[in-house]
Amino acid sequence: TLNILLHVEPTGRVEQAEINLPTLLFIEACDGKTPLSKIIESLALDLQQGDPTPSFQQGCQELCESLIERRIIAFT
C-alpha cells in the first residue's frame, strides 16, 4: 500500500511525500488532545505488541518534532 501525504504550505504550495504505515498511524493519532506519551504507548502496542522501547520512544519524539516543524501536526 502506498501512502501519500499532501500538505499545503502557508504560501499555497502543495508538498507531497510518500510515508510509511507507522508514520501514517502516528499522524492519525495526533488529534490535538491525546498526550504524546499516550500516542507512543498506543502505537507501540499496535506495531510492536508491547511496551515502547527507548529507541521507539525517541523515534516517535523525533518524528513528532519534524511534523510540528513542517506544520503537519500541532500540539498544544
Side-chain angles (χ1 to χ4, degrees):
T1 301
L2 179 64
N3 300 296
I4 301 291
L5 174 68
L6 298 174
H7 175 67
V8 180
E9 293 287 324
T11 61
R13 190 176 121 229
V14 177
E15 234 183 54
Q16 176 179 318
E18 184 177 341
I19 58 173
N20 60 25
L21 181 60
T23 300
L24 175 64
L25 294 174
F26 185 90
I27 292 170
E28 287 177 343
C30 294
D31 60 7
K33 299 174 187 170
T34 306
L36 181 58
S37 60
K38 295 293 181 192
I39 291 171
I40 293 172
E41 288 175 16
S42 176
L43 286 175
L45 288 173
D46 291 346
L47 300 172
Q48 296 180 336
Q49 297 178 5
D51 292 331
T53 63
S55 63
F56 184 83
Q57 290 176 339
Q58 181 179 354
C60 286
Q61 290 171 341
E62 289 171 1
L63 174 62
C64 182
E65 291 169 7
S66 171
L67 294 171
I68 289 171
E69 194 174 285
R70 294 172 54 203
R71 297 180 183 171
I72 293 172
I73 63 168
F75 272 93
T76 56

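Quick note: residue numbers are just sequence positions, from 1.
Note that CG of L21 is 8.5 Å distant from CD of E28, once rounded to the nearest 0.5 Å. Going from atom OG of S42 over to atom CG of L47 covers 8.5 Å, rounded to the nearest 0.5 Å. Taking CG of L67 as the reference point, atom OG1 of T23 lies at 7.5 Å (rounded to 0.5 Å). One distance of note links OG of S66 with CD1 of I72; it measures 7.0 Å at 0.5 Å rounding. For the atom pair CD1 of I73 and CD of E65, the computed distance is 10.0 Å after rounding to the nearest 0.5 Å. Residue E41 holds its CD atom at 12.0 Å from CG of D46, rounded to the nearest 0.5 Å.
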Check step by step if side chain to side chain contact (heavy atoms under 4.5 Å, CB included) holds for F26 and I19. CA-CA 11 Å; F26 185 90; I19 58 173; over 6 Å; no
Worked verdict on Q61 versus L36 for side chain to side chain contact (heavy atoms under 4.5 Å, CB included): CA-CA 8 Å; Q61 290 171 341; L36 181 58; 4.1 Å; yes
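The closest side-chain heavy-atom distance from E18 to L2 is below 4.5 Å. Considering only heavy atoms from C-beta on, I39 stays 4.5 Å or farther from C60 through its side chain. At least one side-chain heavy atom of I4 sits under 4.5 Å from a side-chain heavy atom of L6.
Residue N20 qualifies as enclosed at atom CG: its count of foreign heavy atoms under 6.0 Å is above 12. The neighbour count for E69 CD, taken as heavy atoms of other residues, nucleotides or ligands under 6.0 Å away, does not exceed 12.
The hydrophobic clustering, which links ILVMFWY residues whose side-chain heavy atoms are closer than 4.5 Å, places L45 and I27 apart.
One side chain, E62 or Q58, offers a donor N or O that lies under 3.5 Å from an acceptor on the other.
Under the 4.0 Å criterion applied to side-chain N and carboxylate O atoms, E15 and R70 are assigned as salt-bridge partners.
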